[in-house]
Amino acid sequence: MQAVLKEIWKHKVIYALALPAVVYTFIFGYMTLPYLVIAFEKYNFRQGLLSEFVGLKNFKFFFGSSWAWTVTRNTVVLNFLFIIIGAVFAILLAILLNEVRAKKFLKFSQSAMLFPYFISWIIVSYILDGILNTETGMFNRWLASMGSDKINFYSTPDYWYPILIFLRIWKGSGYTSIIYLAAITGMDEGLYEAAYIDGASRFKRILHITLPLLFPTVCILTLMDVGRIFYGDFGMFYAIIRDNGQLMPIAEVIDTYVYRTFRLTGDPGVSMAIGLYQSIVGFILVFGSNWIIKRNYPEGALF
Amino acid sequence: MAAFAALCLLPFLLVIIASLSSEKSITLNGYTYFPSEWSLEAYKVMTAPSSSLPRSYLITIAVTGIGTFCAALITYCAGYALANRLCKYRNALALYFFATMVFSAGLVPWYMIAKMLGCYNNIFALIVPSLMFSPFNMFLVRNFIAGIPDSLNESARIDGAGELHIAFRIYFPLCTPVLATVTLFYAIGYWNNYFNAVMLLDSQKLYPLQMLLFKIQSEITMMSRVLQGVNLNPPKESFKMAAAVVVMGPIILLYPLLQRYFIKGMIVGAIKG
């Protein structure tokens, strides 16, 4: 211990530089851990963390309600679809971008695709409303002008899996494709030249060189997403769905549900129990998926 | 691909055009790229003295400015330390940061800690909790610095430069690409954030822009409060879109600059990463 302190003191300036980040991470990361006991308590604000111990009652309450299944399904299914469709689309975009020879056009389309990434989900909800709104929405006006009946999107859950997937791809794939494109441009030119001399067509070169070499990057990015599969994007879902009760059966995710139980019922116990369930399963998923990849394909492992 | 590029931009054009349409045109034709009547009414309403939009704007600018500055500084310092060979425990520290990326206890402790620190219903609530440091960004910086040859550090040391001099006068300027990327991540994070306001604000006086937009859309009463005393018949639909345009404004204006650095920085980070 003394040796450690001595070592730190010797380079105190360097360690001091890391200190703000260390303290910040301690407060918002490690200090949250003791609060996990709230999941097993009937919390009241006077006694705080030392409230009455009630065992698994909070968990029973959550898993006894139909919401447990609904929010878990929505979160996992939607994230799963986001990951698969998003990855395929982003890889496709990156490969197409890589084939573009006109520099100006490449720059322009890259900038255009990246733009939605910088825009908040709130603005996206405004745009969506401008298109789907029953009264003034562009799409519904178009339907009406064609003589069809208007569609009341905001009260019909069936439309929302496709809508949410579309929005996610629209907003995020520009960003992901840039990472993939960076990986592609970093590949050995010699391989392509050799393949070209051997008479491999453009398509063959993509299939046998680009895709296999891109695979580790795809694995790493996908793995990071799989680790987050139990976390619904609050910023996205709450901005788009808000408190629309009619859409909740299909679009309420764990994070928005935790928020609702916490803010509306004011019971930290149940919210914490759901949060703990989410953290533990998420944790297992990170390590589980990494373990599987590591065994079968070491280059693609995250750690 | 060109179609997708167009699909990424056209919706924003719709917002801009709708903000410039007259209210009558929107109620009559709905949102359209070809309004029957143009009008600047929505923008006039916004700048009226009683509107709460300018106030939210100032709050958002202050929060983004202060927050981004602190966040970038904290991140650079930590990233520099973790890439420094003299820092013997750098791998242990990296693990310390990484652990919080894979396990988080969630909303409830976060809320309680923020409240305990006094980050509740004041401007600190919008700056401090969760936005001020991201290990992900720190690793970007670390990886970038790790790519700079060690001999630079050694020769500076031999020349008698102090630790802080090396960190801020020698390495800092070299890190411009990655710092630009990280700064951009933080700035966008602050500008677009409404979660902190949803969780930690009661007072409407402190609403940042995104929160104001959120409330305008979901509560009809909010709209009349924002447009208080402006007009007996306020241009509601076009006002919403004009507000959206104004909120996107800085991003649109700075975008050519932003994306150049961003794409550069991302490529550097991704290859290293």
Leading residue by heavy atom contact count with chain B [cutoff under 4.5 Å; candidates [options]]:
{"options": "A:F118, A:F283, A:F234, A:Y231", "result": "A:F118"}
{"options": "A:R141, A:M224, A:M272, A:Q278", "result": "A:R141"}
{"options": "A:V13, A:T25, A:I38", "result": "A:T25"}
{"options": "A:V22, A:I27, A:L128, A:N133", "result": "A:V22"}
{"options": "A:F139, A:Y117, A:Y30, A:W121", "result": "A:Y30"}

Using non-hydrogen atoms and a 4.5 Å limit, figure out which bit of [X] sits close to chain A: side chain, backbone, both or neither.
{"X": "B:F133", "result": "both"}
{"X": "B:V102", "result": "both"}
{"X": "B:S104", "result": "both"}
{"X": "B:A18", "result": "neither"}
{"X": "B:M199", "result": "both"}
{"X": "B:L7", "result": "both"}
{"X": "B:F214", "result": "both"}
{"X": "B:F98", "result": "side chain"}
{"X": "B:M132", "result": "both"}
{"X": "B:A167", "result": "side chain"}

Interchain contact, [X] with chain B, by part (heavy-atom threshold 4.5 Å):
{"X": "A:S145", "value": "neither"}
{"X": "A:F115", "value": "both"}
{"X": "A:L96", "value": "both"}

Among [options], which residue forms the greatest number of heavy-atom pairs with chain A at distances under 4.5 Å?
{"options": "B:I251, B:V198, B:L86", "answer": "B:L86"}
{"options": "B:F97, B:Y255, B:W110", "answer": "B:Y255"}
{"options": "B:W191, B:Y89, B:Y80", "answer": "B:Y89"}

Partner of A:Y238 under side chain to side chain donor-acceptor pair (under 3.5 Å), chosen from A:D243, A:D233, A:T256 =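 The single option meeting the side chain to side chain donor-acceptor pair (under 3.5 Å) with A:Y238 is A:D243.
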How far does [atom1] of [X] sit from [atom2] of [Y], to the nearest 0.5 angstrom?
{"X": "A:L276", "Y": "A:S271", "atom1": "CG", "atom2": "OG", "answer": "12.5 Å"}
{"X": "B:S238", "Y": "B:E23", "atom1": "OG", "atom2": "CD", "answer": "4.5 Å"}
{"X": "B:S130", "Y": "B:F195", "atom1": "OG", "atom2": "CZ", "answer": "7.0 Å"}

A:K12 to A:W9 six-membered ring, cation-pi geometry met (6.0 Å, 45°) =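 Yes, A:K12 sits over the ring of A:W9.
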Parallel, tilted or perpendicular for A:F230 and A:Y277, by the 30°/60° rule?
->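 A:F230 vs A:Y277 ring planes: perpendicular.
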